[in-house]
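Structure record follows, encoded as structure tokens.
Both counts, for ligands and for their atoms, begin at 1 and track the order of listing. Values below: every heavy atom of this structure, side chains too, minus hydrogens, waters and symmetry copies.
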Amino acid sequence: MFTASNFLALHPVNASNTISLEHISHKLLEIKFINKQEATWRFELGDKFLSYITFLGCSPDIELSPHPSKPYSYITLSSTNNIQFHSGKNIKIPHCKHCKKSLDGSITLLKNNPIKQPINCLHCHHEVDILRLNWRKSGFFAHCAIYIGNIYEAEAVPTESLLAKLLEISGFEWKYSYLRQPI
Ligand SMILES: [Zn+2]
């Protein structure tokens, strides 16, 4: 089974929001965003997938169904009891909102001591609210996420109608990021 290394990830705007995998998978099946289950919480693309995701290039060359020898797209749902940090090799380090300098050194602290504990900017020593940092679509904190495999950075975006459906299904707002994994 193909494992992608580039993902378009959909995730709640507010990191503390969460939804059960049973509920969201049921609803995503209903709107035909996903199709049958390929593995644990991993699904084939639904028949309406292309009406919920807009490809930005002129002719995207992506496989929409499982293929024995070529990379293809699929959807994985993830949910954890604790808020987790999701990122990849393409991570863009945020800047401190007080001194505008890169938080690169502080991010190491964050990775070793995941969240809830505030961190301090190593340059100006102001406390940084890690749940409000701007990762420029390259990382996020969340309880739950929808990963679309084999989509490269900025290759495709969710449509307004998909974001509206996710709001309707979950009761909270969603946004998106791109991750190149493993880290
Ligand atoms: Zn600073």
Side-chain angles (χ1 to χ4, degrees), residues 3-21 23-24 28 41 52-57 60 73 75-183:
T3 302
S5 42
N6 289 273
F7 298 87
L8 166 59
L10 297 153
H11 50 95
V13 170
N14 182 337
S16 56
N17 285 138
T18 191
I19 186 168
S20 80
L21 292 178
H23 181 61
I24 196 164
L28 294 178
W41 301 115
Y52 291 121
I53 297 290
T54 303
F55 283 84
L56 305 173
S73 286
I75 294 173
T76 303
L77 305 180
S78 120
S79 176
T80 49
N81 286 334
N82 298 319
I83 294 177
Q84 281 193 352
F85 185 54
H86 299 241
S87 68
K89 283 179 187 153
N90 59 322
I91 192 163
K92 299 179 179 85
I93 302 299
H95 293 254
C96 171
K97 71 172 184 175
H98 302 284
C99 69
K100 314 291 180 214
K101 289 190 179 145
S102 170
L103 288 167
D104 46 1
S106 311
I107 294 307
T108 313
L109 300 176
L110 182 154
K111 283 184 175 164
N112 295 337
N113 177 21
I115 76 158
K116 294 191 185 97
Q117 300 298 332
I119 58 172
N120 290 86
C121 172
L122 294 180
H123 305 288
C124 72
H125 308 291
H126 270 98
E127 197 169 282
V128 175
D129 181 351
I130 56 173
L131 294 181
R132 290 173 175 274
L133 292 174
N134 180 6
W135 301 91
R136 289 167 285 160
K137 294 188 165 49
S138 70
F140 59 92
F141 287 98
H143 277 287
C144 57
I146 301 168
Y147 275 63
I148 307 169
N150 206 33
I151 299 210
Y152 287 73
E153 194 162 355
E155 185 183 34
V157 293
T159 61
E160 286 303 317
S161 79
L162 177 60
L163 296 174
K165 285 281 181 200
L166 290 172
L167 170 62
E168 191 184 309
I169 289 168
S170 63
F172 50 79
E173 288 189 285
W174 293 66
K175 58 182 182 175
Y176 63 96
S177 299
Y178 301 94
L179 308 179
R180 192 160 73 241
Q181 291 181 336
I183 295 170

*Would you please classify the geometry between the Y147 ring and the H86 ring as parallel, tilted or perpendicular, with 30° and 60° separating the classes?*
tilted

*So what does the C121 SG - the Zn ion (ligand 1) - C96 SG angle come to, to 10°?*
110°

_When you measure from the Zn ion (ligand 1) to the N, O or S atoms of H126, does any of those distances fall below 2.8 Å?_
no

*Is there a side chain to side chain donor-acceptor pair (under 3.5 Å) between N14 and S16 once you walk through the steps?*
CA-CA 6 Å; N14 182 337; S16 56; 2.7 Å; yes

_Greater than 12 external heavy atoms within 6.0 Å of N81's CG_ = no

*What orientation do Y178 and Y176 show, parallel under 30°, tilted 30 to 60°, or perpendicular over 60°?*
perpendicular

*Is the distance from the Zn ion (ligand 1) to some N, O or S atom of H123 under 2.8 Å?*
no

